[in-house]
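Values in this document were obtained by computation on a predicted structure and should not be read as measured data.
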Amino acid sequence: MPTAQKKRPSVEDQLRALVRLQHIDNRIDQIHKLRGDLPEEIQDLEDEKAGLETRLENYKEEMQEQEVAQRQAELDIKEAEGLIEKYEEQQLEVRNNREFDALTKEIEGQKERISEAEETIEEAEETIESHESAIEDTEQRLEELEEVLDEKRDKLEEVREDTEEEESKLEEIREEAEEQVGSRYLKAYSKLRDRLRDGRAVVPLKRGAAAGFAVPPQRQVEIRQRKNIVACEHTGRIIVDEDLYNETVDEMKEKVDL
């Protein structure tokens, strides 16, 4: 038994579907406008927070490294001082200048070691002090960020709760409308939506004009006949008969509270 072929929607059906798509997208745009810049602001704040947390972790790691270096330098000083004392005692017992000079050289080496260790300690103390201040400032900024983030997340969640059900319903109706439009015109509609600043890809013919541009009389007749999909020669917008546009929008309002 042959498989029944799916009936291809008429041009008028496709025009009505395009009007439905436009009306739905207009409302979705309004919902997104209600949310405003909150999603982007939250993302920016979360990125800043992640950066600060990484910086804080780096500060703490560097502080630990400096504390280890400081402790090691203190041990080096203690050991060097012990060796200097030992070498000085040995100098009192040497029998010739060569042994005395050798011990003097060892003492100078240990004194240099002490000097380097003291520099390490000084640098470590400066770094630790600087990092302690930076950590305090970073932690304070993180607290402020968290408060702002909580506030903005709550506000966004509130808007989402108010509009989530409506948007979900709109998306369902939108899918149904898409099925009624040929892929060629659906692709053209999507491109127009992306390109046009106001997002109005489908507009009604009103008093011989569409979206501010005059439409030639012959094209007006063609639009009212609803047998072809007509695009504006100036903007590329799809132009539909005003009665068809209004009828379709009214039908949608009856079915769904839009």
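Put simply, the side chain of S115 never gets that close to the backbone of K111: no donor and acceptor are under 3.5 Å apart. Between the D37 side chain and the E40 main chain, no donor and acceptor come within less than 3.5 Å of each other.
For residues 192-210, the side-chain hydrogen bond (donor to acceptor under 3.5 Å, both in side chains) pairs, not counting sequence neighbours, are D29-R193, D198-R237.
When all heavy atoms of Q220 and V215 are compared, the closest pair comes out as NE2-O, 2.7 Å.
At a cut-off of 3.5 Å, with distance as the only test, no side-chain donor of Q180 or D13 sits close to an acceptor on the other residue. Checking D250 against Y245 by side-chain atom types alone, no donor-acceptor pair falls below 3.5 Å. Judged purely by distance below 3.5 Å, without hydrogens or angles, the side chains of D47 and Q43 pair a donor atom with an acceptor atom. No side-chain donor-acceptor contact under 3.5 Å links T104 and D101. If you check the side chains of D76 and Q72, you find a donor sitting under 3.5 Å from an acceptor.
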Between Q70 and I128, is the side chain to side chain contact (heavy atoms under 4.5 Å, CB included) condition met? List the steps. CA-CA 10 Å; Q70 187 177 8; I128 289 167; 3.6 Å; yes

Going through the distances and angles, do R174 and E179 end up as a side chain to side chain contact (heavy atoms under 4.5 Å, CB included)? CA-CA 9 Å; R174 196 182 188 288; E179 291 174 3; over 6 Å; no

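Linking Ile, Leu, Val, Met, Phe, Trp and Tyr residues whenever their side-chain heavy atoms come within less than 4.5 Å places L156 and V148 in a single cluster. Hydrophobic clustering keeps I239 apart from L192 (ILVMFWY residues linked when any side-chain heavy atoms are closer than 4.5 Å, directly or through intermediates). Residue I238 is grouped with residue V19 when hydrophobic side chains (ILVMFWY) are merged at heavy-atom distances under 4.5 angstrom, including chains of intermediate members.
Every side-chain hydrogen bond (donor to acceptor under 3.5 Å, both in side chains) that E247 has, sequence neighbours left out, goes to R16. Scanning for ring-ring contact (aromatic ring centres under 6.0 Å, His included) contacts around H234 gives F213, with sequence neighbours left out.
Atom-to-atom distance recorded for I24:CD1 and E175:CD is 10.0 Å, nearest 0.5 angstrom.
Heavy atoms of other residues, nucleotides or ligands lying less than 6.0 angstrom from CD of Q225 number more than 12. Within a 6.0 Å sphere centred on CD of E151, heavy atoms belonging to other residues, nucleotides or ligands number 12 at most.
Just one of R71, Q66, E74 meets the side-chain contact (heavy atoms from CB on, under 4.5 Å) condition when paired with I121; it is E74.
At a threshold of 4.0 Å, the pair E166-R27 counts as salt-bridged, since one of the basic side-chain nitrogens sits closer than that to a carboxylate oxygen.
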